[in-house]
Amino acid sequence: MLRTHNCGELSLDKLGVSVKLCGWITHKREFGPILFLMISDRYGMTQVVINDPTLVEKCKKMSAEDVIQVQGIVIDRNENRTDKYPTGAIEVEAKEVTLLNSSKPMPYDHNKEASDTIKLKYRYLDIRKSRIRDILAARGKVTALVRNNLEKNGFLDIETPVLNKSTPEGARDFLVPSRMWKGSFYALPQSPQIFKQLLMIAGMDRYYQVVKCFRDEDFRSDRQPEFTQIDIEMSFAEESDVMELAENMIKEVISGMKPDAVLPGSFPMISYNEAMERFGTDAPDTRYGMELITLDDIFKNSSFNAFANAAKESSMSVKGVIVEGKADSFSRNEIKKMETAVQGDGAKGLAFIKKINGELESPLLKFFSENEINEISSVIPENGILFIVADNRSIALKSMGNFRKRMASELDIIDKTAISPLWVIDFPAFEFSEENNRWVATHHPFTDFDIDAVESGADLSQISSRAYDMVINGHEVGGGSIRIHNIEKQKKVFSILGIGEKEAEEKFGFLLEALQFGAPPHGGIAFGLDRLVMVILGVDAIRDVIAFPKTTSASCLMSSAPSTVTTDQLDELGIKLTEKNNDNN
RNA sequence: GCGGUCGUAGUUAAGUUGGUUAUAACGCCGGCCUGUCAAGCCGGAGGCCGCCGGUUCAAGUCCGGUCGACCGCGCCA
């Protein structure tokens with residue numbers, strides 16, 4: 001090695017020791033015959049002092065981000081010690097400084113805010129100079145903890161193909177044209193779902209993989225075209241087996257990353273319906289209260305028709321959120337802004353009732369009977385304000401769920417250090433898609449469900465699936481299910497989903513056939529590694545947990561991918577472009 | 001596919017009702033400086049105001065389009 005120590009580990013107990021350090025120059029400070037160099041690496045930074053006139057002349061020519069090797073003696077800084085960085089008590093008195101490689105001036109100032117554009121273009125510099133390097137190190141540790149836990153539990157790491165068959169349902173596939181089979185395409189996996197089920201049928205019993213998945217949809221601050229799943233599947237397992245395993249794994253990861261984190265003995269479980277009713281979302285953030293309340297009973301006989309109709313109609317509901325201690329601090333204007341926000345979720349309006357000095361205040365008060373006023377008053381604490389949406393059930397829930405979220409972040413009542421995990425269970429197996437005018441699988445079409453209920457003619461929307469999601473701090477970090485292992489049941493699902501026998505055969509024939517060769521009961525779960533790392537580290541942007549991320553329009557500013565290719569390459573694939581797009585390189 | 005915010009030296013920003021040579025800080029280059037800690041002081045270079053078009057005597061500024069970044073909606077089993 002070119003070094004004996006890294007730039008973050010020297011301290012007073014090494015006084016007088018001859019060391020070699022390697023690193024990047026972060027600062028150079030000249031004072032005529034004396035010169036200081038700060039050199040750093042990912043472990044820290046150390047000051048080098050240069051007194052020798054020849055060395056000073058040599059080092060004067062060096063500049064920031066040059067890579068150097070310093071050979072010298074660790075000395076005490078005495079009265080010039082600093083506590084601004086961990087090595088601040090010592091410095092290295094240089095005997096020799098070797099330039100290993102020079103650097104052009106940095107393209108941007110890493111001590112200040114810089115645009116995402118330039119940081120993504122020079123991603124390797126952003127990693128070198130920012131917290132990204134620590135986040136990536138932490139991510140590596142999360143992966144190691146995961147592997148360690150799963151290996152300990154007898155899971156086998158088995159790779160599955162990246163070049164796959166395109167399947168219907170779900171997200172848009174990334175396609176890869178085939179040279180040997182002109183006109184045919186591989187698809188990159190949206191997840192290794194079918195392969196892990198085939199591994200169960202193959203008798204591998206316990207499988208896991210930390211694996212890239214690809215979805216060609218539109219992106220957000222928490223969504224990237226390629227992302228990583230911790231994919232897990234096990235045979236002869238029921239819900240509780242998968243959930244217990246997953247929960248223990250996550251606990252081990254979190255306590256490995258945050259030893260001070262306080263976690264519940266076992267993660268609370270709530271049903272999908274309860275999550276929707278109490279939080280207006282299937283991924284509730286339980287770090288704070290301010291839960292939704294149902295006001296149908298209070299208003300079903302109200303003379304205020306908008307409320308009464310919603311309260312009586314079964315497809316509608318009156319939902320409220322109480323903000324405590326704020327009745328006197330929201331202006332008419334602020335409330336107007338909140339109304340605009342809930343209207344963005346489709347709600348017709350946002351009503352409010354304040355309680356100040358024991359008296360209710362609201363533009364709607366004149367519509368309410370004494371009885372209603374008493375009931376409302378018993379719900380609202382002094383100086384509280386009740387916000388209300390009366391609308392279609394799904395709109396009321398969604399808009400108040402989002403309202404709760406916005407209000408919590410505006411009031412800054414979220415404990416950023418808390419980790420609040422839970423399970424959401426009893427998801428509906430099927431949802432009716434207005435857009436496609438057919439039923440679609442809520443989780444995916446291989447999820448087991450209560451087939452007896454279907455056979456006895458129950459409403460499809462009321463059928464529960466055997467799926468479960470793990471939610472931490474309002475983020476769905478993982479989800480899975482017990483799978484269908486019976487061919488007839490699987491065919492039944494395809495018929496419910498309107499996938500014809502021929503199409504099912506064409507798209508999933510190999511799975512359907514495999515199910516007939518002694519498929520064991522099995523189930524599993526997949527975690528989004530990127531999101532898991534974000535939640536554990538409290539990072540907001542998925543870009544920050546990925547070494548080389550893409551932009552929200554799925555381009556790489558560093559390599560300029562995607563790019564056009566030569567006509568020779570296209571010819572070889574038998575592909576002809578319909579219109580000439582501008583070069584985006 | 002839709003909406004919002006933004007785009008001016010290498011970087012981050014300022015730029016007034018449209019009006020002389022487009023500012024500043026940091027960085028860069030040159031010089032000074034014996035204990036700095038984002039060192040300091042003096043001097044200098046550096047601009048397709050994202051791109052295309054329009055309005056105007058005159059556009060960084062107004063209008064239309066377009067490209068890109070970010071945030072959100074739809075979408076993401």
Side-chain angles (χ1 to χ4, degrees), chain A residues 26-38 45-51 53 56 60-61 63-65 75 77-85 87-88 91 93 103-122 125 167-173 190-191 193-194 213-225 227 341 343-346 398 402 406 427-431 433-436 438-447 465 467 476 479-481 493 497 499 526 528 540-541 543 550-555 557 560 581-584:
Chain A
T26 55
H27 303 285
K28 181 178 66 172
R29 293 185 271 267
E30 294 179 47
F31 297 86
I34 186 172
L35 186 149
F36 299 97
L37 292 177
M38 294 296 310
M45 61 179 187
T46 303
Q47 175 161 286
V48 178
V49 59
I50 294 131
N51 292 307
V56 167
K60 272 185 178 177
K61 297 195 193 85
S63 56
E65 301 307 318
I75 60 171
R77 269 205 228 177
N78 298 315
E79 71 274 17
N80 294 310
R81 286 184 191 179
T82 174
D83 53 12
K84 287 186 179 172
Y85 38 93
T87 63
E91 60 192 351
E93 189 176 44
S103 171
K104 287 168 67 175
M106 289 295 100
Y108 69 94
D109 187 345
H110 48 257
N111 290 314
K112 282 199 231 158
E113 285 295 309
S115 69
D116 290 302
T117 313
I118 193 140
K119 286 193 291 188
L120 286 174
K121 179 171 181 189
Y122 296 98
L125 298 179
T167 54
E169 300 283 304
R172 193 179 292 119
D173 286 323
Q190 294 173 29
S191 81
Q193 181 61 35
I194 292 177
C213 302
F214 306 85
R215 292 177 191 178
D216 189 3
E217 293 293 343
D218 287 344
F219 306 105
R220 296 284 190 283
S221 58
D222 63 346
R223 269 161 39 190
Q224 282 270 311
F227 60 98
Q343 283 169 337
D345 288 323
K398 183 183 177 187
N402 285 335
R406 275 192 304 274
F427 282 86
F430 306 103
E431 279 173 318
S433 160
E434 301 290 345
E435 190 193 333
N436 300 313
R438 66 175 180 89
W439 291 92
V440 295
T442 306
H443 188 55
H444 59 55
F446 315 111
T447 304
S465 75
E476 182 205 323
S481 63
V493 173
L497 301 181
I499 299 174
D540 291 325
R543 278 188 301 278
K550 301 213 167 24
T551 67
T552 45
S553 47
S555 67
L557 296 178
S560 297
N581 291 314
N582 292 332
D583 281 7
N584 47 12

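Order of the sequence lines fixes the chain letters, A, B, ..., with proteins taken first and strands second; residue numbering starts at 1 for each chain.
K84(A) has a side-chain polar atom (N or O) that falls below the 4.0 Å cut-off from OP1 or OP2 of rA38(B). Within the structure, every side-chain polar atom (N or O) of T117(A) is placed at least 4.0 Å from both OP1 and OP2 of rG7(B). Between K398(A) and rG74(B) there is a side-chain N or O to OP1 or OP2 distance below 4.0 Å. Of the side-chain N and O atoms in T552(A), one or more sit less than 4.0 angstrom from OP1 or OP2 of rC70(B).
Each of rG35(B), rG10(B), rC76(B) was ranked by its minimum atom distance to the side chain of P107(A); first place goes to rG10(B). Which of rC33(B), rC76(B), rU12(B) sits closest to the side chain of F31(A) comes down to rC33(B). For T82(A), the side-chain atoms get nearest to rC37(B) when compared with the rest of rA69(B), rC76(B), rC37(B). Listed nucleotides: rC37(B), rA69(B), rG74(B). Nearest to the side chain of N80(A): rC37(B). Distances from the side chain of D109(A) to the nucleotides rC71(B), rG74(B), rU11(B) place rU11(B) closest. For S553(A), counting side-chain heavy atoms from C-beta on, the closest listed nucleotide (rC76(B), rG68(B), rC37(B)) is rG68(B). Nearest nucleotide to the R543(A) side chain, out of rC71(B), rG35(B), rC75(B): rC71(B). For S221(A), counting side-chain heavy atoms from C-beta on, the closest listed nucleotide (rC28(B), rC70(B), rC71(B)) is rC71(B).
With hydrogens and angles ignored, a donor-acceptor pair closer than 3.5 Å exists between the side chain of R223(A) and the base of rC76(B). On a pure distance criterion of 3.5 Å, no polar donor-acceptor pair joins the side chain of R81(A) and the base of rG35(B). Between the base of rC37(B) and the side chain of R77(A) there is a donor-acceptor pair shorter than 3.5 Å.
When the P atom of rC29(B) is taken as reference, atom NZ of K104(A) falls 13 Å away, rounded to whole Å. With rounding to whole Å, K61(A) atom NZ is found 11 Å from rG31(B) atom P. Remark: C1' of rA38(B) and CD of E65(A) are 14 Å apart, rounded to the nearest angstrom. In this structure, the CD atom of E30(A) is 14 Å from the P atom of rG35(B), given to the nearest Å.
Judged purely by atom type and a 3.5 angstrom limit, R438(A) uses its side chain to pair as donor or acceptor with the backbone of L497(A). Between the Q190(A) side chain and the A171(A) main chain, a donor and an acceptor come within less than 3.5 Å of each other. Under the 3.5 Å distance criterion, the side-chain polar atoms of E217(A) are matched with a main-chain donor or acceptor of R172(A). Using a distance-only test at 3.5 Å, with no hydrogens or angles considered, no donor-acceptor pair links the side chain of Q224(A) to the main chain of R543(A).
Of the P atoms belonging to rC70(B) and rC26(B), the separation is 30 Å, rounded to the nearest Å. rG50(B) and rG15(B) have their P atoms separated by 15 Å, with the value rounded to a whole Å. When the C1' atom is compared between rA25(B) and rU8(B), the two are found 15 Å apart, to the nearest whole Å. Distance check on atom P: rU12(B) versus rU17(B) gives 26 Å, rounded to whole Å. The gap from the C1' atom of rG3(B) to that of rG74(B) amounts to 11 Å, rounded to the nearest Å. Nucleotides rA45(B) and rG53(B), compared at atom P, are 32 Å apart to the nearest Å. Comparing rG35(B) with rG30(B), their P atoms are spaced 23 Å from each other, to the whole Å.
Taking the six-membered ring where tryptophan is involved, the planes of H110(A) and Y108(A) are perpendicular, since the angle between them exceeds 60° and thus also 30°.
In this structure, the aromatic ring of Y108(A) is not positioned over the six-membered ring of the base of rU11(B) within 5.5 Å between centres and 30° between planes.
Looking at L125(A) and P107(A), their side chains come closer than 4.5 Å, going by heavy atoms from C-beta outward.
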